[in-house]
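Here's the structure, in structure tokens; my notes come after.
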Amino acid sequence: MRLPRIAALLLLLPVAAAAQPHPDPDWPCVQRYVPEIGAAALWPEAPGGDWQDDPGVAALVGRIAPRPVEAEQGLAAIRDFAAPLDAAARRRLLPLAFRGVLEETNRQRDAVIDQIRRYARRQHDLAGRVRELEAALRAAPPPAREELEQRRFFAAKTYADAERMLRYACEVPVRLEGRLGAYARAMQAAMPQG
Amino acid sequence: MPRILTLLALLALPLAGARAETIMVSNEKDNSITVLDGATLKPVRTVKVGERPRGIVLSQDGRFLYVCAGDSDRVDVVDTTSWKVVRHLPSGSDPERAALHPDGRRLYVANEDDNLVTVVDVERGVVLQEIPVGVEPEGMGLSPDGRYVVNTSETTNMAHVIDTGSGKIIANILVGARPRYALWQPDGKRFWVSSEIGGTLSLISAEDWKVVAQVGFSIPGVPREAIQPVGMAFSRDAGKLFVALGPANRVAVVDVATREVQRMLLVGQRVWNLALSADGTRLYTTNGVSNDLSVLDIEAMRVTRSVPVGQSPWGVVVKP
């Protein structure tokens, strides 16, 4: 069983290598890199206008868009915002508010993605260091080994810890997108029908 | 009198048909299956299964649900009467998706971590065969006659056609980047492959294993990187192909004859997999970021309900 498997794999390899897309070494996440969340992904028609011109909308966006705000708090603020508005005001202001949280979320998302890329580059360097230390360890005379071994151990540990952190960091853009979606649905639900 | 009752009962059937079904959804981050009643569209129970459940398949008689529990490296068998995990089936490392042979016994499992498709006998609970394929195998599509199984490998960007008789790969077809799903047309003449990163569908002929057509998508106001085709399902007459487009939050409706994209329907966030209702009037979609199931009315071409399920819903099947 073992040999045929290897033979079959070898047959596949030349074609497989040719089919690889150009990898993005700075993008370590399993989720495909998407540069921004498009308005049309969450809102049926393009919401236009400058949301900062309306003080009420700007205040709502300032309250619900910051990263630490939980979706539940944000949803309550949206309901409170919409409750006193008549149909015409809702039709005008809710798309503006969506535009505002979309822009703010994309800004936060950009910052997180930059951070993820910085981590990924650091990981790349760290992996290189671990390899260097391993090579040095193999070549070193016995008296020098203990110190080198310790340095290799800490470099490898830092790398492994950062890998775990990266996996967590990759979920942050997804969570921001999820919260934005919940806001969008709440604003849609508060829009007058027809 | 009894005759009239029977007639009434028969008349009531078409109404009840669509609604008597059971919908099952795997929740990737909750390690569970949500079971929904098709009539009320309400979750009726949650079944705990192994870690990171993704692909789910029903046995032919609907008595068992096979669940690929990726992080537990096994396939769980859920009894759909007692709603308990009654058995574990062996698999390779990190099983992601599976397909059942028309013989009802051979389950073809794609194992993401060890580049193998395992063939499992679901009755005896043993691995019959291991077939080496490309890197990160995922999509599994069985031809309607059971002669071929198509496996897609996410990193190798290929569809591998396996002869189920010999267990050997007979064709490797290059498709768009990160192919996720393979679906045969009911006539067995062609199959479709979706590519998450390529953002395309490839249509492949079973006559010469060549790509005969490609379908692309674009949505104004949505970055092209967000258009990630994954799950697919045919309409009941196989005239339309529904395609889940991931974080574009759309289901595309493709005309199978002309290969034109007819509609783009807004659903929940990161739509991944699809299932048609037993009567063909509804499409159910799992949305991994909004943690819900969208119910699409196929005639009206719009979402009529969004039902919250578990965390990161992934697979969906319907038991009539």
Checklist line | Over 12 non-hydrogen atoms of neighbours within 6.0 angstrom of CZ in B:R302 | finding: no
Next item on the list: May I ask you to test the A:V34-B:Q228 pair for a side-chain heavy-atom distance under 4.5 Å?
Entry: yes
Margin query: For A:R145, I'd like to know if atom CZ has over 12 heavy atoms of other residues, nucleotides or ligands within 6.0 Å.
Written below: yes
Next item on the list: Go through the atoms of B:A248 and report whether side chain, backbone, both or neither lie under 4.5 Å from a heavy atom of chain A.
Entry: backbone
Next item on the list: Give, for atom OG of B:S290 and atom CG of A:L42, the distance between the pair rounded to the nearest 0.5 Å.
Entry: 9.0 Å
Item checked: Any A:R185 side-chain heavy atom under 4.5 Å of B:Q269 side chain -> yes
Margin query: I'd like to check A:E171 versus B:K29 (side-chain heavy atoms, cut-off strictly below 4.5 Å). Are they in contact?
Written below: yes
Notebook entry, point to check: Near A:Y119 OH, under 6.0 Å, is it more than 12 heavy atoms from other residues, nucleotides or ligands?
Noted result: no
Check: Which answer fits B:P247, side chain, backbone, both or neither, if we ask what part of it has an atom under 4.5 Å from a heavy atom of chain A?
Finding: both
Check: Which heavy atom of A:A41 sits nearest a heavy atom of B:L266, and at what distance?
Finding: O-CD1, 3.6 Å
Item checked: Among the listed options B:E225, B:R224, B:K168, B:R250, the residue most often paired with chain A at heavy-atom distances under 4.5 Å -> B:E225
Next item on the list: Kindly give the heavy-atom pair with the smallest separation between B:R178 and A:R32, and that separation in Å.
Entry: NH1-N, 4.5 Å
Next item on the list: Answer with side chain, backbone, both or neither: which region of A:E45 has an atom nearer than 4.5 Å to a non-hydrogen atom of chain B?
Entry: neither
